[in-house]
Protein chains: 2
Amino acid sequence: MSSTSYPPARNNRTRNRKKPRRDEIPDIVIGRLPIYLRTLRQMTAEGKEITSSQELGQILGISSAQIRKDLSHFGEFGKQGTGYNVTYLCRQLEKILNVDHTWPVVVVGAGSLGTAIANYQGFAKRGFQIVAICDEDPGKIGKEVAPGLVVEDCARLSARIREEGVKIAVIAVPAHAAQRVADMLVEAGIRAILCYAPTTLKVPPSVRVEYIDPVIHFQHMTYYLR
Amino acid sequence: MSSTSYPPARNNRTRNRKKPRRDEIPDIVIGRLPIYLRTLRQMTAEGKEITSSQELGQILGISSAQIRKDLSHFGEFGKQGTGYNVTYLCRQLEKILNVDHTWPVVVVGAGSLGTAIANYQGFAKRGFQIVAICDEDPGKIGKEVAPGLVVEDCARLSARIREEGVKIAVIAVPAHAAQRVADMLVEAGIRAILCYAPTTLKVPPSVRVEYIDPVIHFQHMTYYLR
DNA sequence: TCCATTTCGTACATTTTATCACAATTCAAG
DNA sequence: CTTGAATTGTGATAAAATGTACGAAATGGA
């Protein structure tokens, strides 16, 4: 093993970096960090110990300068002339993104999408454990849609969100039901919603919503297909 | 019915708008158009005939000026003092986005995600018809995963892409297989890929890739959960 | 008809984001 | 030890995106 250490032993006399102020960091920067993290984890899996902003940029199709500047908002994680220690940078990004522990997640909607989500192993592997799923359809309640995951009544889900302090939810219901579901989730204390329904939700500013609508992506791409 | 007509009868002597040049329009603008379209279609379904940039902005949480500016890249679709005719603006956006006809789509991967995608009615409703699905697992080939959709051999899918001129594909396989699948699709003539695998693909510049990775969204949101 | 109100489309100003380019550092080879 | 190549972190600059504000319609009611 080499004698090099991460983080670099920086000289505080010569480096007088300004304290990173969370609330000033652009959201667009935050949005790129998970991509960096995913790529670094992939490198870890491949046994790669060191990388550079150039290599990362190459893989991701963005400039090395952008990666360095993005990271510089949070501290100094690399070493000049050498690059970044993959494992160390992973850990740092996990801390920054607040994913250095497992988050419980609830799913609303147990149709084919909800079921697919419940069965996706990738969530747990990356720190998001689906702890409950519900559906309005009485015919679905009681069904085990994934190993150890039985469809509950929506009221029961709401209670569990409160009891267990769940903060993250997935909406996998038809568009016409999505706003009603969102209202219920917000009321129960959910703070982050991943919405698969093809509609825009109205929620208080304290709640963050992100959307996944594959058709939006198709329509974006067809513009360039002439 | 009112006597108003869309598009507005504009006076070409006073309005000397520059010709919109496709290749100059920022991608970020293109990316918002499908959202506008989705919202307008929702309005149509609700029987709403007229809307305004202000109303749209309210619903979507963006400024009215941005909506007007985005649309202005492509022409003049509204009427001062009145707003936009919902149906007319829908048709225009469909033309701009190249979704004024149905696109055939193929899916690679017939696991739970691929199956959910194959069963999702929302694609056909919005102009994207899934015409074929394939999987490497011989155990899955021949299975009918959705009404009228039987899992094929990957080689057969490749042939159909060529024969039928399919341009759009969905990748719904594990990350470790995604690059191999992408190479196959590009080779077969696919020009747009929607990738559900949590990895970044390497494709020629002529091929466009968009990604859907729910964990990325979770990790983006957890940053704000403190 | 006239006036008040609404809304669009856009020129201009401001803010945000991305890129450039370089001093400082690290390391390995000679 | 010295040199050369690689790489970081960042101030300066450039580019892109967004917001402001206003003239020019359009409408409806007095």
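Residue numbering restarts at 1 for every chain, and letters A, B, ... go by the order of the sequence lines. Computed over heavy atoms, backbone and side chain alike; hydrogens, waters and symmetry mates excluded.
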Tell me: CD of A:E76 to P of C:dA24, nearest whole Å?
14 Å
Hey, which of these two, A:K69 or A:G81, hits DNA chain D nearer its 5' end, going by closest nucleotide?
A:G81
Using a 3.5 Å distance criterion without hydrogens, assess whether the side chain of B:H217 forms a donor-acceptor pair with backbone atoms of B:P214.
no
Need one value for A:I28: base, sugar-phosphate or nothing, where a base atom within 4.0 Å counts as base even if backbone is also close, heavy atoms only.
sugar-phosphate
So B:F74 and A:Y223, would you call those rings parallel, tilted or perpendicular, with 30° and 60° as cut-offs?
perpendicular
Which whole-number value in Å describes the distance from B:D70 CG to D:dA16 P?
16 Å
N or O in side chain of B:Q80 less than 4.0 angstrom from D:dA24 OP1/OP2
no
Under 4.0 Å, counting only non-hydrogen atoms across every strand here, what does A:S64 touch: a base, just sugar-phosphate, or nothing?
nothing
In whole angstroms, how far is the C1' atom of C:dT7 from the CD1 atom of B:I67?
13 Å
Testing D:dA17, D:dG9, C:dT17 for proximity to the side chain of B:P26, the answer is D:dA17
A:H73 has an atom NE2; how far is it from atom C1' of D:dG9, in whole Å?
12 Å
Angle class for the B:Y120/B:F123 ring planes (parallel below 30°, perpendicular above 60°, tilted otherwise)?
perpendicular
Return yes if some donor-acceptor pair links the side-chain N/O of B:Q179 with the main-chain N/O of B:K202 below 3.5 Å, else return no.
yes
Please state whether the phosphate of D:dT7, meaning OP1 or OP2, lies under 4.0 angstrom from any side-chain nitrogen or oxygen of A:T82.
no
Would you say B:R68 places a side-chain N or O within less than 4.0 Å of OP1 or OP2 belonging to C:dC8?
yes
Taking 4.0 Å as the cut-off, does a side-chain nitrogen or oxygen of B:S63 come that near to OP1 or OP2 on D:dT18?
no
5′-ward residue of the pair A:R32/B:L71 relative to DNA chain C:
B:L71
How close or far is atom P of D:dT8 from atom CG of A:L89, stated in whole angstroms?
10 Å
Look at the side-chain N and O atoms of B:K79 and state whether any lies under 4.0 Å from the OP1 or OP2 oxygen of D:dA24.
no
Given D:dG9, C:dC8, C:dC20, the nucleotide with the shortest approach to the side chain of B:S53
C:dC8
Below 4.0 angstrom from OP1 or OP2 of D:dA17, is there any side-chain N or O of B:Q66?
no
Expressed as a whole number of angstroms, how long is the span from B:I50:CD1 to C:dT6:P?
17 Å
Starting at CG of A:D27 and ending at C1' of C:dT16, how long is that distance when rounded to a whole Å?
13 Å
Phosphate OP1/OP2 of C:dG9: any B:Y84 side-chain N/O under 4.0 Å
yes
Please report, rounded to the nearest Å, how far the P atom of D:dA17 is from the CD1 atom of B:I62.
14 Å
Can you give me the closest heavy-atom contact between A:V106 and A:V166, atom names plus distance?
CG1-CG1, 3.9 Å
Classify the ring geometry between B:H101 and B:W103 as parallel (under 30°), tilted (30 to 60°) or perpendicular (over 60°).
tilted
